[in-house]
Number of protein chains: 2
Amino acid sequence: MDKNHNKKLKRRATLFDVAKLSGVSTGTISRILNNHHSVSEESRKKVEEAIKKLNYVPLSAARSLAKGVSNTIMLSIIEENPILPSTWRYELPVVQGIYDYLKKTSYNLQIGISFVEEAQKSKFFENLIKDKYIDGLLILGSWPINYRSLLYLEDRSIPYVLIGCKSTVPTRVEINFDNHGAIVQVIDYLVQLGHTKFALIGGFADQLHMVDRANGFRDALTKRNLRIYENLIKFGDYQIESGYQLMLGLFNEYPKPTAIICGNDFMAAGVIKAIHDKGYKVPEDISVVGFDDNEVAKVISPPLTTIRVPVFEMGSLAVEKLCTMVQSNRKLKEITILPCETIIRSSTGKSKEK
Amino acid sequence: MDKNHNKKLKRRATLFDVAKLSGVSTGTISRILNNHHSVSEESRKKVEEAIKKLNYVPLSAARSLAKGVSNTIMLSIIEENPILPSTWRYELPVVQGIYDYLKKTSYNLQIGISFVEEAQKSKFFENLIKDKYIDGLLILGSWPINYRSLLYLEDRSIPYVLIGCKSTVPTRVEINFDNHGAIVQVIDYLVQLGHTKFALIGGFADQLHMVDRANGFRDALTKRNLRIYENLIKFGDYQIESGYQLMLGLFNEYPKPTAIICGNDFMAAGVIKAIHDKGYKVPEDISVVGFDDNEVAKVISPPLTTIRVPVFEMGSLAVEKLCTMVQSNRKLKEITILPCETIIRSSTGKSKEK
DNA sequence: TTGTAGGCGTTATCAC
DNA sequence: GTGATAACGCCTACAA
C-alpha cells in the first residue's frame, strides 16, 4: 500500500506518457528508440523532446520480455578454495577488461563466483543460470571444466566463452595465454646465459596453466637436447612457504640446478629465501624465474625476472567474441592463445658453469 | 526467422505449459511458486511434478515486470586511474563478500566499474543506472562521493550503501573500516616500545582513508603529549617508488624519526629500501609500519608490521544492510566502522633512543 | 510514415 | 482453494 503509494507519486515515465506528451503513438516512439528506418524528422523531434522532458528511460525488463533477449552477459568466476592472493590478482584485471568493452555497449554484466569443487559438478552451469536470464556466458577459471555442464549450454544454445580454462572435450571459443611458449622462451634466454641444468618448482600439478608450463619446460629442454632431470621437477601450491620447502628439498638432489623456473612469483620468493638461507646467491649461484609479474616481483631482492600475462586483453577479447556470437546468433569455434612477455630483472644471470 | 525457429524447437517451458500438464490454472501455480498460503496439498504435488518434468523455470524478466522489482543489486566500483595494484587487491575480497551473501538469496549481482573522475560528476549515478533496472546499489570506492549524484538516488528512492567511502554530506548507510583507530593503536604500540619521534609517509593526501589516518596520527600523538613534526609528514601515491623517494627526503629533515607509519605496504617496502640504501637497519635504527597486510608484507625483509583491513566482512555486511532496506522498503541511517587488526612482524622494534 | 492491437511470461485481483 | 483475466511496459506485425 505504502509502497504503491510511493511509486505513484513519482512513477517513472512510460512509453504512454511519452506518447501522450508528444502526440504520436507508442509504435512510432518505439521505432525511434530502436533506430528503425522510416520515421519522419518531425515526429522524431517531438518525441525526443518529450523523452527529455519526462526523463524517460525504457524499462529493461519490459524490453527483454518483448524482444526475447536479456541484454545481459554473465561472468562466472571459478576460484580455487581457499582463494589465493595470486588468484585474486589475476581475476580483477580480466573483469576490468570485460567491463571496459561492455560499457561501450548496452549490455549489462552480471557476475557469479563459485569454487572449483562446485564447478566440477555436472549440473553446475544449469544451476547457476537456470533462474537467470542471460544472453551469453563468460567462464573464467584455471581448472578443467566438466564438459557435461557445457552440454547444458549447447543444448540451450547459450553462447559461451572460456577464459583461461578449457574442457576435457574440445570446446568452442577459448581465450588463453601462452603458458607453453612463455616457458620455452624463458628457457631459451637462460640457455643463452649458459644454463644447462634446470629445475621446475611449479604450482598445482594438475591446474591447466601448470600442465602447459610443465610441458613447455620439457619441450624446451628436449628441443635443445638438454637432459630433463625428473628429480628436479616438483610441484607445490603457489604459496611462498611451498616454494621455500621445495627448494630446500632440491638441495638434496643431484645434479644441482643452476636455474629454477617457478610456478609464480610467490613461490619464487620462497625459493630465493631458501637459496639465501643455504648461503648461496641469486643470481650468481642460481638463477630464479617467477611467473605473473606480481607486484612482489619488484619488491623482493633481487628483483625478479618473471613473465607477464596479458590479463586485461584476455578479458576484453573474450567479451568481444561473445558479443559477436550473441548478436550474430552464430556459433564460432576458435581458440586464441595470447603471447606473454618475459620481464628480465636481476634474479637471472650467467651460469657460473659456463 | 532462423532464430525463432530455433527457439520454437526447444522453447523453454512457460507457466501455461505447466498449467496444461498439471491440470491446474496458472494462478495456482504462481501461488505455489511464491509460497502463498492457501493451496491444497494435492495441486501442489501435481504442479511440482509438472515443473520437474518440464524443467520449468520462471523467466526473471517477466517476473520483474509483473512484480515491479528487478531482483538485482548493482555494485558500482569506483577506481583510481591509473589503477593501482593495491586497489585491485582491496576490491575483489569485497566483491567476494558481497557475492557470498547474495548467493544465499535470489538476488543477482550486476557490476559496473568506473574511474574516480567520472564518478565525481554530478550525474554519475543517473547515467550509470538510468537504463538499468535495479533494486539497490552498492558503492565501493575510496574517494569522496559527489552528494549531488546521491540525490538522484534519494529522489528515486533507490536504496544504496556506501562501502569504504562517504559523501561530503552525511549519507544514509555506510560501511567503513577504522582508519583512525588503526593508526592510534599502532602508535600506542610503538610508544610502548619507546618511540617518540614519528613520521608519516602517506598515500594520496585527500583520499578518504588517508585523511582519517593522518588525523589518527595527529590525534594519537596529541593524546600522548608527543610533538607532531609537520616536516615529517609527507604524502605520495601509494607506490613503492614514492615511498622510496619520500624516505630519502626525510633523511634531510630534523629530527630523525625512529618510527615511520606508511600509507600502505608498497610504500613501506620503498621506505625500507631507502633506509637500507642509506646504511641503516630496520627495525634496529628505524621501525616501519605498513597498511593493508598485502602479500608483499610477508615477502620483504624484514617482514612487515602492518594493519589488516576486514575487507570481506565489509562486503557482506554492506549487502546485508542493503537487502534489508530493499525488502523492508525502509530507509536506514547508520554508519558502521569495522575494527582493523594490527599484525606485528619484524619491521618494528624498540626505539634505540629509549 | 504512422497508429492499432496482440503478445512476451508472470503476478495479482477478483469473483466463485 | 481455485480459475479467469487484467495488468506490467515494451515491441512488432499488420493495416491504413
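Reckoned from all heavy atoms, side chains included, excluding hydrogens, waters and symmetry mates. Below, chains carry the letters A, B, ... as their sequence lines are ordered, and counting in each starts from 1. Keep in mind it's a predicted model, so treat the numbers as computed, not measured.
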### Message
Regarding B:His36, tell me which of base, sugar-phosphate or nothing describes its non-hydrogen contacts under 4.0 Å with the strands shown.
### Response
sugar-phosphate
### Query
Once you round to the nearest 0.5 Å, how far does CZ of A:Phe124 lie from OH of A:Tyr152?
12.5 Å
### Summary
Checking D:dC10, C:dT4, C:dT13 against the side chain of A:Arg31 (C-beta onward), the nearest is C:dT4
### Query
Heavy atoms under 4.0 Å, any strand shown: does B:Val57 hit a base, just sugar-phosphate, or nothing?
sugar-phosphate
### Query
Quick one: is B:Tyr133 getting a side-chain N or O under 4.0 Å of the D:dC10 phosphate, OP1 or OP2?
no
### Query
Distance only, no hydrogens: is a donor on one side chain within 3.5 Å (strictly under) of an acceptor on the other, for A:Ser316 and A:Asp100?
no
### Proximal nucleotide (of D:dC10, C:dG9, C:dG3) relative to the A:Ala62 side chain
D:dC10
### Query
So what does B:Ser64 touch, heavy atoms closer than 4.0 Å: a base, only the sugar-phosphate, or nothing?
nothing
## Note on the structure
When rounded to whole Å, the NZ to C1' distance for the pair B:Lys45 and D:dT2 reads 19 Å
### Task
Please report, rounded to the nearest Å, how far the C1' atom of D:dC11 is from the CZ atom of A:Phe16.
11 Å
### Message
With hydrogens left out and only the distance checked, is there a donor-acceptor pair under 3.5 Å joining B:Arg12's side chain and the base of C:dG9?
### Response
no
#### Entry: Given B:Leu75, B:Leu109, B:Leu102, B:Ile98, the one that forms side chain to side chain contact (heavy atoms under 4.5 Å, CB included) with A:Ile111
B:Leu109
### Sidechain-backbone polar pair: B:Tyr101 side chain, B:Ala318 backbone, donor-acceptor under 3.5 Å
no
#### Entry: Touch class at under 4.0 angstrom, heavy-atom based, for B:Leu15 against every strand present
base
### Task
Report yes if at least one side-chain N or O of A:Thr28 is closer than 4.0 Å to OP1 or OP2 of C:dG3; otherwise report no.
yes
### Message
Does either side chain, that of B:Asn146 or that of B:Lys123, offer a donor lying less than 3.5 Å from an acceptor on the other one?
### Response
no
### Query
How long is the line joining CD1 of B:Ile29 and P of D:dT5, in whole Å?
17 Å
### Task
Give me the bend of the helix from C:dT1-D:dA16 to C:dC16-D:dG1, using the axes of the five pairs at each end, rounded to 10°.
40°
#### Entry: Rounded distance in Å - OH (A:Tyr56) to C1' (D:dC11)
10 Å
### Distance, rounded to the nearest Å, where A:Ile32 contributes CD1 and D:dC10 contributes P
14 Å
### Query
Hey, are the side chains of B:Lys321 and B:Thr336 touching, using non-hydrogen atoms and a 4.5 Å cut-off?
yes
### Expected output: side-chain B:Asp135 to main-chain B:Asn71 donor-acceptor under 3.5 Å
yes
### Message
Would you say B:Thr26 places a side-chain N or O within less than 4.0 Å of OP1 or OP2 belonging to C:dT10?
### Response
no
### Query
Touch check for A:Ser30, heavy atoms < 4.0 angstrom, all strands: base, sugar-phosphate only, or nothing?
base
### Summary
B:Lys46 NZ to D:dT2 C1', in whole Å, measures 11 Å
### Query
If each of B:Ala61 and B:Gly27 is mapped to the nucleotide of DNA chain C with the nearest heavy atom, which maps nearer the 5' terminus, i.e. the 5' end?
B:Ala61
### Query
Counting only distance, no hydrogens or angles, is the base of D:dG1 paired donor-acceptor with the side chain of B:Arg44 under 3.5 Å?
no
### Query
According to a strict under-4.0 Å criterion, is A:Arg63 in side-chain N/O contact with OP1 or OP2 of D:dC11?
yes
### Nucleotide of C:dG9, C:dT2, C:dT11 approaching A:Ser38 most closely (side-chain heavy atoms)
C:dT2
### Message
Counting only side-chain nitrogens and oxygens, does B:Ser25 get under 4.0 Å of the OP1 or OP2 atom of D:dG3?
### Response
yes
### Query
Expressed in angstrom and rounded to an integer, what is the separation of B:Lys67 atom NZ from C:dT10 atom P?
12 Å
### Query
Do we see a donor-acceptor contact under 3.5 Å between the side chains of B:Glu79 and B:Thr87?
no
### Query
Just to confirm, is there a sub-4.0 Å distance from OP1 or OP2 of C:dT2 to any side-chain nitrogen or oxygen of A:Ser43?
yes
### Task
Evaluate the criterion side-chain contact (heavy atoms from CB on, under 4.5 Å) for residue pair A:Ile78 and A:Leu140; output intermediate values, then yes/no.
CA-CA 6 Å; A:Ile78 300 173; A:Leu140 170 59; over 6 Å; no
### Message
Using whole Å, what does the distance between atom C1' of nucleotide D:dT12 and atom CG of A:Leu33 come to?
### Response
14 Å
